[in-house]
There are 2 protein chains.
Amino acid sequence: MRTTSRETGASPRKRAGNGAAVRDVADDVGLDALVGHAGYAVRRFQIWIFQDFIRTLGDVEIRPTQYSVLTVIGANPGLSQMAVAKRLGIERARLVHLLDSLEQRKYVKRVKSKADRRSHALHLTAHGETALAKFKRLAAEHERHVEAKIGKENRAHLLRILAGFT
Amino acid sequence: MRTTSRETGASPRKRAGNGAAVRDVADDVGLDALVGHAGYAVRRFQIWIFQDFIRTLGDVEIRPTQYSVLTVIGANPGLSQMAVAKRLGIERARLVHLLDSLEQRKYVKRVKSKADRRSHALHLTAHGETALAKFKRLAAEHERHVEAKIGKENRAHLLRILAGFT
DNA sequence: AAAGATTGTTGTTGACGACAACAATTGTCG
DNA sequence: CGACAATTGTTGTCGTCAACAACAATCTTT
């Protein structure tokens with residue numbers, strides 16, 4: 001993830017020819033003040049997590065934001081776009097494009113609300129329901145990757161610490 | 001559980017005729033499967049942290065990435081752009097623009113390396129040193145905000161859990 | 001009915017990551 | 001030594017994403 005040259009397995013040194021005298025420059029750069037900054041650690045962790053999610057759900061071509069939208073709609077059918085955007089902390093302008101894509105793939109349908117003719121009631125299609133079930137299985141697999149990475153109880157503790165942000 | 005007849009009432013202060021307590025719609029949308037997903041919690045937390053960082057360092061107009069670049073250069077003068085990019089997980093193409101900006105603001109200077117005439121040795125200017133000291137004080141203030149948000153020992157534990165990603 | 005607010009939509013801007021191509025330079029190896 | 005491959009900084013493009021602004025259609029309020 002951080003380097004492009006090393007992620008093919010565990011290639012120990014890229015320049016294998018010239019012996020141990022040359023060290024990989026970036027590996028021993030001191031971070032100093034950067035260590036101890038929560039934001040930096042969280043950013044790096046989030047990048048890792050998203051990449052694993054994207055890779056694990058790569059076959060079904062579902063990205064984290066799309067997954068969150070589908071999950072919320074599946075759990076709360078009939079929500080308006082505004083409500084979904086508010087709940088997930090995304091702009092309603094952005095949700096438009098997300099729904100365009102999900103609707104094109106027949107996962108979601110926008111139903112014109114009778115109560116408020118400005119808004120759309122969002123629902124999963126039948127196809128969307130079965131698809132979401134599969135996505136959830138893959139997402140669970142991704143969560144197991146997280147457990148494998150940081151430890152089961154660490155993940156649980158982390159979720160507890162960050163529960164206030166969901 | 002959601003009665004779809006209520007989603008018109010997104011405004012907290014107005015009261016429809018039906019329920020006793022009309023709550024803000026987005027506040028009681030069930031997340032269900034989204035709760036328990038580490039990625040979602042981490043994403044929301046990271047957004048919060050970055051926004052606080054940007055706000056706290058707003059007066060000096062330093063964003064998280066810029067701060068990380070300055071910190072690494074300050075701690076390791078003479079590094080090449082490649083080494084900095086590698087250490088921070090940034091593309092060297094991106095670092096070019098970051099350094100352009102930081103050099104324009106007289107925080108950083110690119111010195112042509114004698115050892116390898118392709119590369120630049122990165123140093124802080126005198127002005128950059130004093131500025132970075134101020135940035136670090138502000139960053140420490142930001143960290144106190146994080147402590148206030150999630151608790152001192154929770155922050156410490158979180159840093160320990162994510163230490164592997166720095 | 002008029003004024004103001006909300007919803008979905010379109011568009012713009014800027015930060016950011018991933019890639020590709022290039023010149024200059026360095027390292028490798030026949 | 002000299003051709004060839006690799007690295008460094010740079011420029012450029014493309015796609016994602018957040019933050020705004022503006023707009024028409026539609027409520028809500030007064």
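The figures that follow rest on heavy atoms only: side chains count, while hydrogens, waters and symmetry mates do not. Please read all numbers here as calculations on a predicted model, not as lab measurements. In what follows, chains are A, B, ... by sequence order, proteins preceding strands, each numbered from 1.
Summarising the geometry of A:Leu57 relative to A:Ala139, their closest heavy-atom pair is CD2-N, 3.8 Å, with the distance given to 0.1 Å.
Counting to the nearest Å, the C1' atom of C:dG17 and the CZ atom of A:Arg44 are 13 Å from each other. B:Gln66 has its CD atom 12 Å from the C1' atom of C:dC16, to the nearest Å. Computed from coordinates, the B:Ile90 CD1 to D:dT8 C1' distance equals 16 Å when rounded to whole Å. Distance B:Leu79 CG to D:dG9 P: 10 Å, rounded to the nearest Å. Between the C1' atom of D:dT28 and the CE atom of A:Met82 lies a distance of 16 Å, rounded to the nearest Å. Atom C1' of nucleotide C:dT10 and atom CG of A:Leu99 are separated by 15 Å, given to the nearest angstrom. Across the protein-nucleic acid pair, B:Lys86 atom NZ and D:dT7 atom C1' stand 10 Å apart, rounded to whole Å. As rounded to whole Å, 10 Å separates atom P of C:dG17 from atom CG of B:Leu88.
The aromatic rings of B:His142 and B:Phe53 lie perpendicular to each other, with more than 60° between the two planes, well past the 30° mark. Using bins of under 30°, 30° to 60° and over 60° for the plane-to-plane angle, the ring pair B:His37/A:Tyr67 lands in the parallel bin.
Contact check of residues 48-62 of chain B against DNA chain D (heavy atom, cut-off under 4.0 Å) returns B:Gln51. Remark: B:Arg110, B:Arg118 in residues 110-118 of chain B come within less than 4.0 Å of DNA chain D through at least one heavy atom.
Side-chain atoms of A:Arg92 lie closest to C:dT7 of the nucleotides C:dT7, C:dC16, D:dG9. Taking only side-chain atoms of B:Ser119, from C-beta outward, the nucleotide of D:dG9, D:dT16, C:dA15 with the closest atom is D:dG9. In the set D:dA21, D:dG9, D:dC17, D:dG9 carries the atom at the smallest distance from any side-chain atom of B:Val96. Side-chain proximity of A:Glu91 to D:dG9, D:dC20, C:dC19: nearest is D:dC20.
Among A:Lys112, A:Gln81, A:Lys109, the one residue that satisfies the side chain to side chain donor-acceptor pair (under 3.5 Å) test with A:His120 is A:Gln81.
Scanning for side-chain contact (heavy atoms from CB on, under 4.5 Å) contacts around A:Arg55 gives A:Asp52, with sequence neighbours left out.
A:Glu61 is not listed as a side-chain neighbour of A:Gln66, based on a closest heavy-atom distance of 4.5 Å or more.
Remark: aromatic rings of A:Phe45 and B:Phe45 are distant, center separation not under 6.0 Å.
Side-chain atoms of B:Glu103 come within 3.5 Å of backbone atoms of B:Arg110 as a donor-acceptor pair (strictly under, hydrogens ignored). Put simply, the side chain of B:Arg87 never gets that close to the backbone of B:Val69: no donor and acceptor are under 3.5 Å apart.
Each of A:Ala93 and B:Gln81 lies near DNA chain D, and the nucleotide nearest B:Gln81 is the one positioned closer to the 5' end.
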